[in-house]
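What follows is one structure encoded as structure tokens, with my remarks underneath.
Naming convention: chains lettered A, B, ... in sequence-line order (proteins, then strands); numbering from 1 in each chain.
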Amino acid sequence: MHTEKVYDVSPPKLIGRTVHAVLTSYNIDVDPLVVERSVSEIPRSYGGDYGIPIMRFLRQVKDSQEKNKIVNEIIERLKSEPTVRNAVFVRGYINVDLDVSSLAKIVFEAVRHDGKEYGYVKTSRPQRIVVEHTSANPVHPLHIGHARNMSLGDTLAKLLRARGHKVQTRYYINDAGRQMAVLVYGIKMLGSYSPPKNVKIDHWLGLVYAITHTLVDVLTLKKEVERLREKGGEEYREKLSELDKLMAVLARLRERDPALFDKLAQAISSDPNPEESIAEIMRKYEFRTDEEIVKLTRRIVEDCLKGFKETMRRMGVDVEVWDWESDLIWSSMVAKILEEARKSPYFTIHKGAPALNLASLQEDPEIAEKLELPKSFKIPSLILARSDGTTLYTTRDIAYTIKKFREFKADKVINVIAAEQRLEQLQVRLALIALGYKHEGFNLIHYAYEMVSIPGMSMSGRRGEYITLDELIEAAIKRAREEVDKRQPDLPEDERQKIAEAVGIGAVRYSLVSVAAQKPLTFNLEEALNFERNSAPYIQYTYARAHNILAKYGKPIPWDQIDYSAAEENELRRTLVIQASMFPYIFAKAADELKPELLVAYINRLADVFNKWYPQDHVIREPDEGKRAFKLALTKTVETILENTMRILGIPVLERL
RNA sequence: GGGCCCGUAGCUCAGCCAGGAUAGAGCGCCGGCCUGCGGAGCCGGAGGUCCCGGGUUCAAAUCCCGGCGGGCCCGCCA
């Protein structure tokens with residue numbers, strides 16, 4: 001693969017390798033990665049393109065003659081590299097001026113031969129990796145938070161695959177547990193399961209769930225208030241105001257479907273003990289003692305997933321394996337975990353329930369370090385089962401983790417799960433280690449992401465307060481359509497709509513992976529669809545421009561007629577070549593560090609430079625054949641990188657928009 | 001009460017783990033230019049106590065300690 005050659009001569013690799021080799025020959029021991037990462041882009045006015053603060057590595061060298069000798073040797077070695085024009089020592093830095101003509105030759109050859117694979121440097125240590133993502137509970141429709149999850153998960157999977165890993169994607173269907181039982185209870189209260197045809201099924205189920213959940217909460221809270229009335233005081237007033245708020249939620253829910261609401265309200269209020277009815281459904285499903293409940297639950301979940309899959313398909317997201325939580329229980333995998341726990345030295349009884357004492361594991365320094373445990377915080381004991389024998393989410397998650405590792409013979413499992421589940425995810429890893437599943441415990445990665453907020457909107461699935469992802473997609477497409485109608489009024493209607501869909505979807509995905517996962521993200525539709533800057537449409541547009549310049553030329557790129565000296569004639573051409581040479585490096589870094597946002601920042605910058613370049617340095621009208629060949633190759637290179645990045649980010653590639 | 005994450009220009013964000021030159025982009029704002037390979041154009045400018053206070057270091061946005069502000073978590077929920 002020619003991409004490897006580009007990777008090797010990319011400035012951080014080249015300079016890092018050279019510096020490290022010389023330092024090592026002088027018995028200066030430094031981490032090659034630290035050296036490589038000290039290489040940074042510098043302003044041209046510093047006399048080069050990339051620089052490295054060399055003095056920080058020469059601290060231990062006391063003799064200044066010796067220092068000079070080392071610096072000079074590094075400079076000489078760098079100068080002997082074909083892609084280096086000059087290297088100088090300035091104010092503690094070694095600055096490298098690149099020979100962009102030689103660099104261009106290497107980059108163009110790679111683009112020419114690797115094409116759609118250009119930039120996808122293969123790892124030297126391929127692994128088997130499971131990426132679990134989306135995994136929304138099948139009780140309400142997907143919303144913007146799930147969209148961040150699926151965009152990150154799908155992008156990571158594509159990124160790791162392109163890097164040469166074997167990747168499997170999985171979705172965990174949480175069909176056991178209380179939430180599901182609440183929805184099933186609601187459906188049962190309606191008498192028969194007959195969802196309306198004119199509403200998307202997951203949206204309707206979400207409404208039933210929200211109404212049922214809130215009604216049950218209100219009844220429970222009312223009893224509580226009743227009980228506290230005599231006593232009065234702070235607690236009573238708090239519960240009372242909580243009840244007020246819930247009543248307001250109920251009123252809003254009723255507006256959405258009065259008939260459905262009234263039917264549920266009447267049925268539930270005539271149930272003497274809804275909490276017990278829900279618990280009973282949960283038991284019947286988990287212990288599989290009531291085939292009717294099993295069938296109904298499965299049918300509801302299947303229906304809800306149909307809705308999810310439709311939304312995911314629109315987002316361009318595909319998951320390979322769908323795992324049912326209930327299958328883990330029924331296949332006795334969860335029972336086995338419980339059994340193993342009982343035999344483990346960490347087993348304990350906590351508040352009368354079987355549990356694992358995880359705090360004692362914290363004392364092991366290896367575990368504390370590898371799992372990055374908080375120091376002055378005692379991990380609470382993990383309760384494994386309810387007193388009625390039903391299992392708990394975390395216990396089932398332990399079994400599921402083992403399943404994921406086993407079935408794919410995975411080296412690593414990446415769970416894309418909200419940051420609010422940090423403690424739970426930590427407990428899973430600790431529990432695995434406690435039960436002797438060390439490989440699993442140490443190689444389970446919680447890829448945590450923070451919440452997505454939409455200005456002026458608070459969200460709660462239990463209360464039915466959310467903007468669904470479907471609505472968001474529609475809004476994005478509608479907004480995109482307005483722009484497309486403005487720009488391309490002559491295109492046929494159906495084509496404009498197709499373009500608008502590709503633009504809308506791309507815009508949502510781009511903005512959801514553009515911010516580092518551990519930061520809270522504010523989603524702004526207008527910004528996501530800003531056609532002018534830092535957005536998927538902007539990248540799609542830039543691609544289309546590059547593509548159409550090449551289409552206008554109409555012939556194959558004359559690779560063999562390129563005059564490489566053209567590279568040095570224009571600053572923007574130089575910058576583009578250097579940026580193009582950085583693509584494999586950025587790609588590898590994004591994959592290895594699980595940071596898709598690096599790719600987003602990179603591609604945005606490349607588009608900026610390209611958009612600045614082509615209007616002022618005409619490609620097709622270039623009279624000199626060799627120079628025109630160079631410009632065509634450069635355009636092809638940019639087009640290729642844009643396309644190869646969009647493919648990873650799941651942004652549809654369009655030839656016109 | 002404890003733990004985790006975040007805090008950088010008016011706004012949205014890079015940079016922080018792996019300390020180094022004058023802290024970067026984009027939006028917005030101000031002032032100019034422009035008839036284009038698809039105007040979704042170009043050039044210039046202003047704008048910063050890198051949340052605060054200590055410490056380590058030749059050197060701190062970056063590391064350590066102590067605060068402040070925001071979010072999340074600490075359930076026989078998921």
Side-chain angles (χ1 to χ4, degrees), chain A residues 30-31 33-38 40-43 45-46 51-56 59 90-93 95 135 137 139 174 176-180 182 279 325 350-355 372-380 383-394 396-397 418-424 426 448-451 453 461-462 483 486-488 511 514-522 524 526-527 530-535 537-538 541-542 544-546 548-553 593 597-598 600-601 604-605 608 611-612 614-622 635 656-657:
Chain A
V30 282
D31 183 346
L33 217 54
V34 172
V35 177
E36 177 186 316
R37 281 163 180 168
S38 305
S40 66
E41 211 180 329
I42 57 173
S45 58
Y46 289 2
I52 183 165
I54 194 64
M55 281 320 182
R56 63 177 288 198
R59 257 170 257 167
V90 190
R91 297 179 60 190
Y93 284 76
N95 291 342
S135 300
N137 296 343
V139 292
N174 296 111
R178 216 188 101 88
Q179 289 195 4
M180 196 63 228
V182 169
E325 191 178 16
H350 189 82
K351 296 179 188 167
E372 293 170 336
L373 300 182
K375 285 166 200 77
S376 53
F377 166 65
K378 207 166 162 252
I379 308 281
I383 295 177
L384 298 165
R386 296 188 185 88
S387 6
D388 70 357
T390 55
T391 53
L392 259 16
Y393 173 78
T394 308
R396 302 189 291 259
D397 205 5
E420 62 189 11
Q421 290 200 47
R422 272 211 164 93
L423 179 60
E424 188 272 344
L426 182 58
Y449 63 94
E450 282 292 341
M451 292 290 105
S453 61
R462 283 201 319 269
E483 286 297 318
K486 206 162 26 169
R487 319 285 176 207
Q488 302 281 2
S511 53
S514 66
V515 177
Q518 76 268 19
K519 299 211 182 199
L521 186 152
T522 307
N524 184 323
E526 280 307 310
E527 270 174 40
N530 176 355
F531 279 53
E532 295 173 37
R533 244 23 97 197
N534 192 17
S535 70
Y538 174 65
Y541 168 75
T542 306
R545 295 303 298 265
N548 286 327
I549 289 170
L550 297 172
K552 190 163 254 183
Y553 174 70
E593 297 177 14
E597 70 271 19
L598 298 182
V600 173
N604 185 51
R605 173 149 178 232
D608 278 344
N611 282 322
K612 210 181 260 191
Y614 77 77
Q616 68 169 62
D617 192 21
H618 214 283
V619 175
I620 294 167
R621 270 195 250 146
E622 168 62 56
T635 304
R656 62 205 307 201
L657 74 157

Given atom [atom1] of [X] and atom [atom2] of [N], what is their separation to the nearest angstrom?
{"X": "Arg422(A)", "N": "C4(B)", "atom1": "CZ", "atom2": "P", "value": "10 Å"}
{"X": "Asn611(A)", "N": "C43(B)", "atom1": "CG", "atom2": "P", "value": "11 Å"}
{"X": "Arg533(A)", "N": "A25(B)", "atom1": "CZ", "atom2": "P", "value": "13 Å"}
{"X": "Gln421(A)", "N": "G75(B)", "atom1": "CD", "atom2": "C1'", "value": "13 Å"}

Same-atom distance ([atom1]) from [N] to [M], integer angstrom:
{"N": "C42(B)", "M": "U35(B)", "atom1": "C1'", "value": "13 Å"}
{"N": "U57(B)", "M": "G10(B)", "atom1": "C1'", "value": "35 Å"}
{"N": "U49(B)", "M": "C30(B)", "atom1": "C1'", "value": "25 Å"}
{"N": "C64(B)", "M": "G28(B)", "atom1": "P", "value": "38 Å"}
{"N": "G7(B)", "M": "U62(B)", "atom1": "P", "value": "12 Å"}
{"N": "A61(B)", "M": "G24(B)", "atom1": "P", "value": "13 Å"}

Check whether any side-chain N or O of [X] sits under 4.0 Å from OP1 or OP2 of [N], and answer yes or no.
{"X": "Arg396(A)", "N": "A78(B)", "answer": "yes"}
{"X": "Lys519(A)", "N": "U12(B)", "answer": "no"}
{"X": "Arg621(A)", "N": "C37(B)", "answer": "yes"}
{"X": "Arg37(A)", "N": "G15(B)", "answer": "no"}

Q | Nearest-nucleotide comparison on RNA chain B, the residue closer to the 5′ end among Pro537(A) and Glu527(A) | A |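 Closer to the 5' end of RNA chain B: Glu527(A).
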Q. Contact class for Thr390(A) vs. all strands (heavy atom < 4.0 Å): base, sugar-phosphate, or nothing?
A. nothing
Q. Which one is paired to A61(B), where only Watson-Crick or G-U wobble pairs with both distances under 3.5 angstrom count?
A.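 None - no nucleotide pairs with A61(B), as no candidate has both distances under 3.5 Å.
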Q: Evaluate the side-chain proximity of Tyr541(A) to Leu657(A): yes if any heavy-atom separation is below 4.5 Å, no if none is.
A: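 The answer is yes; the side chains approach within 4.5 Å.
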Q | Quiz item: Asn534(A) side-chain donor-acceptor pair to A14(B) base, under 3.5 Å | A | no
